[in-house]
Enquirer: 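Before anything else, here's the structure in question.
Protein chains get the first letters and strands the later ones, always in sequence-line order, with residue 1 at the start of each.
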Amino acid sequence: MRSLTRKVWQRTDVAVLAACLTAGAVLLALPASWKEALGRSVVATVFAPLEKPLAQLRSLAASRTENKALRQELSWVSLENASLRQAAAENSALRELLVLKGRWQWSLAAAEVSARQPGIFAPDLVVDKGTADGLRPGMVVISTMGLVGRLSGAEGRASFVQTVFHPDLRVSAIDTRSRVLGIIKHQAGKGMVMDRVPLHSDVRPGDTLVSSGYGGVMPYGLMLGTVEAARPDPLKLRVDVGVRPSLDLNRLSQVLVITGGAPPPLPSLAAPDTLAPKPRPKRSAAAAPRPDSLPAPELPDSASQTGGAAPATSPPPPSSPEAGP
Amino acid sequence: MIRAAKTLLAAWLAVFLQSSVVHFIGIGGNVPDLLAIAIAAKSIRDGTARGTAFGALAGFLADCYHPATMGLLTMSGLAAGWLAGILRERVYREQLASQVALAGGLALVRQPFEFLGPAGGALGDYPWFLLRWGLGSALYTAALAAILMPRLMDWWAARPSARLAGGGRD
């Protein structure tokens, strides 16, 4: 027996096998907590120091691919976002037009601004509706910002809008606070002015100006703008009224064309506030130099050519002040 | 001393790559068994005793990742090393085909231990596992062994001290 044992242990490989088997058996027989502690400590000591940089390298390699995919996705999302923004703006404008449409009993045709006349001073627009949609020249065009203008021409699928910035378009306007009447026109290089306002009229900066409806072309109540400045002219014949227009052509994308229906009733000229005492302009104020933003005073002969200025409490002029070319 | 360091490094590298890199080169869920390749190379190169010890060491390092079944992979490693050492005497060990077949066979030997131990599989499911993954992994191991084993054995056989001393050149 002893010789057999000696023979076995003389063979190194058998000895190593026995030692390894013993070690394996000991490992198998260890308590679970010891196994856990041994395994964790060996992994943390022997493998973890290199596993972390390797994981970072793998993450770096994966992030390159991910970055490429995300960039591609970002470009798609940007395009989609721009499209959605455009749709949202269009949706908002159409909602406002719907509100406007329900305000009056007009027959309205919605149209989209398809073009503006080329040029620096190009106040006229082209819309995508025409005679095929029931539009006719002379129809009034409005938007959420107020009066846009009127149709100067209509083709089958397109119409041309003469906006309030056109030098040939004049609109009878009324001050909603004091009921002072005047004619609004746009002078190139001078901006929009309210003409034919009598001296001592109660027009103050900030007053709202709407279409009066007395011209017979534009209905009453369409927003035109606000009074920017009001000063007597140097000749003391009338008041120079500078107007800040409510219409911004750059923000105009959809319009409504009034194709028919009942216009709102004309405003009463017997406004109560016209009897209220109004502040007279002082001499010092009249003699003050005009700011550059104020439009230049009109010559008296231009007023006489169109029938003269309408006083605040006078009946509307018999001839239409809203004249086109 | 250098040979011992190389042995330790080879065992560590085999387990490290097996745990961190190998699953990136899997084909259809079949991954090669780097431990089997290393054990086969060591046994063919250095004999049964060293192969067995190397297998036990590599198995123990692999066991550390699965403490609950610690000892099982140690057993599988030493069994693989012992088997490779015995077969070393019966096959033409310089032939690449023999080395490759031995590495693939060792992968098949180690698989039941891994399936029943760390993987927690049932014995009745092993045939299905063998058909689905086991044989593919063994073939993959054999294919990779054809590339790795000659280099690994050359690396083990190299004597850096002799090269540094300028031995073999006049």
Enquirer: For chain B, find which of A/Cys20, A/Ala32, A/Ser41 contributes the most heavy-atom pairs closer than 4.5 angstrom.
Expert: A/Cys20
Enquirer: Can you name the nearest heavy-atom pair linking B/Ala142 to B/Gly104, along with the distance?
Expert: CB-CA, 4.3 Å
Enquirer: May I ask you to check whether over 12 heavy atoms, not counting those of B/Arg132, lie within 6.0 Å of atom CZ?
Expert: yes
Enquirer: Check whether A/Ala25 gets within reach of chain B through its side chain, its backbone, both or neither, counting any heavy atom under 4.5 Å.
Expert: both
Enquirer: Measure B/Leu61 against the heavy atoms of chain A and call it side chain, backbone, both or neither at under 4.5 Å.
Expert: both
Enquirer: Using 30° and 60° as the class boundaries, would you call the ring planes of A/Phe165 and A/His186 parallel, tilted or perpendicular?
Expert: perpendicular
Enquirer: Using the ring of each side chain (for Trp, its six-membered ring), is B/Trp128 parallel, tilted or perpendicular to B/Trp133, with breaks at 30° and 60°?
Expert: perpendicular
Enquirer: Give, as side chain, backbone, both or neither, the part of B/Trp12 having an atom under 4.5 angstrom from any heavy atom of chain A.
Expert: both
Enquirer: Please state whether the side chain, the backbone, both or neither of B/Ala68 comes within less than 4.5 Å of a heavy atom of chain A.
Expert: backbone
Enquirer: Considering only heavy atoms, which portion of B/Thr74 lies under 4.5 Å from any heavy atom of chain A: side chain, backbone, both, or neither?
Expert: side chain
Enquirer: Could you tell me which portion of B/Ala56 (side chain, backbone, both or neither) has an atom closer than 4.5 angstrom to a non-hydrogen atom of chain A?
Expert: side chain
Enquirer: Quick check: are there more than 12 heavy atoms from other residues, nucleotides or ligands sitting under 6.0 Å from CD of A/Glu112?
Expert: yes
Enquirer: Please classify the contact between B/Met75 and chain A as side chain, backbone, both or neither, with a heavy-atom cut-off of under 4.5 Å.
Expert: side chain
Enquirer: Take a 6.0 Å sphere around CG of A/Leu57 and say whether it holds more than 12 heavy atoms from other residues, nucleotides or ligands.
Expert: yes
